[in-house]
Amino acid sequence: GAGVSQSPSNKVTEKGKDVELRCDPISGHTALYWYRQRLGQGLEFLIYFQGNSAPDKSGLPSDRFSAERTGESVSTLTIQRTQQEDSAVYLCASSLEQGKGEQYFGPGTRLTVT
Amino acid sequence: AQSVTQLDSHVSVSEGTPVLLRCNYSSSYSPSLFWYVQHPNKGLQLLLKYTSAATLVKGINGFEAEFKKSETSFHLTKPSAHMSDAAEYFCVVSDTNRNDMRFGAGTRLTVKP
C-alpha cells in the first residue's frame with residue numbers, strides 16, 4: 001500500500017529555466033490536487049483533477065504554471081521560466097472522491113530558484 | 001467564500017500539559033473541518049475531521065476537536081502533550097459539495113521537556 005509519491009524531493013534551478021514536478025497518486029484515487037507551500041505559510045491551492053473532467057485551474061498563479069494528468073494516474077506540474085518567487089514546497093495530494101475532503105499528501109518537492 | 005484563521009502562529013507547552021490550538025472559520029455553506037499535522041520533512045497527515053455528525057471529534061494520537069457553530073470555531077486539544085507532538089498543525093475548511101478546501105497558515109507546536 002504505497003502512499004502518494006513525488007519526485008524529485010529537491011530541485012534547485014536557475015531563474016528562467018523550466019521545471020517539471022511529478023506526482024504518483026494512490027492507486028484508485030480519482031481526485032488529485034497540487035498545492036504550494038511557501039516558507040512559514042499555509043497551503044495555497046493550485047489545481048485539481050477529478051477523473052476525466054476538465055481540471056479546476058483556478059489556483060494557478062500565472063500562465064507560467066500548468067499541469068497535466070493522464071487518466072487517473074500520474075500528474076506533472078510544469079513551471080516555465082521560473083522566478084525566485086516560485087521557490088516553495090510543492091505538495092500533491094489524492095483522494096477517493098471529489099469533495100470528500102480526506103486528502104492523502106505526498107512528501108512534497110522543495111523547489112529552490114536561484 | 002471560505003476561510004480559516006489560526007489564531008496562534010506558535011504555541012509552546014511543557015510535556016505533560018494540555019495543548020490548545022485555536023481555529024476559527026468562515027463558510028457560506030455547511031462546512032467540513034479538518035486538522036492536519038506536518039512533522040519536519042514528512043508529508044501532511046490527517047488528525048481528525050468533522051463532517052456534520054458528532055460535534056466532538058476524536059482523532060489520532062489523543063487529539064480531539066469540538067465544532068462550535070455559534071462561535072465558528074474548531075479548536076484542537078489534547079490533555080497531555082508528548083514530545084512527539086512537536087510539529088506544524090493546519091486547520092482546514094472545506095465545502096464537501098465543491099472542490100474548495102482552504103488551509104490556515106498553520107500553528108507551530110513546540111513541546112518543552
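These figures come from a predicted structure and were not determined experimentally. Letters go in sequence order (proteins before strands), and every chain restarts at 1.
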Review point. What part of B:Q38 is in contact with chain A, defined as an atom under 4.5 angstrom from a non-hydrogen atom: side chain, backbone, both or neither?
Key: side chain
Review point. Given a strict heavy-atom distance threshold of 4.5 Å, which part of B:L44 is in contact with chain A: side chain, backbone, both, or neither?
Key: both
Practice item. For the pair A:Y33 and A:Y35, name the ring-plane relationship: parallel under 30°, tilted 30 to 60°, perpendicular over 60°. Key: parallel
Point to revise | Hphob cluster co-occupancy, B:Y50 + B:L21, side-chain heavy atoms under 4.5 angstrom | key: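 Same hydrophobic cluster.
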Review point. In terms of hydrophobic clustering (I, L, V, M, F, W, Y; side-chain heavy atoms under 4.5 Å; direct or indirect links), are B:L48 and A:Y104 co-clustered?
Key: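 The answer is no; the residues belong to distinct hydrophobic clusters.
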Check your understanding: Is it the case that more than 12 heavy atoms not belonging to A:E14 sit under 6.0 Å from its CD atom?
Key -> no
Check your understanding: For chain A, which residues of residues 104-113 of chain B have at least one non-hydrogen atom nearer than 4.5 Å to it?
Key -> B:G104, B:A105
Study note, to complete from the structure: Joining Ile, Leu, Val, Met, Phe, Trp and Tyr whenever any side-chain heavy atoms lie under 4.5 Å apart, the cluster holding B:L20 also takes in none
Point to revise | A:Q37, part contacting chain B, at a heavy-atom distance under 4.5 Å | key: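 Just its side chain gets close to chain B.
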Exercise for review: Ignoring hydrogens and angles, tell me if any N or O in the side chain of A:R110 forms a donor-acceptor pair with the backbone of A:V89 under 3.5 Å.
Suggested key: no
Practice item. Quick one: do B:N24 and B:S73 satisfy side-chain contact (heavy atoms from CB on, under 4.5 Å)? Show the steps, please. Key: CA-CA 4 Å; B:N24 285 98; B:S73 70; 3.6 Å; yes
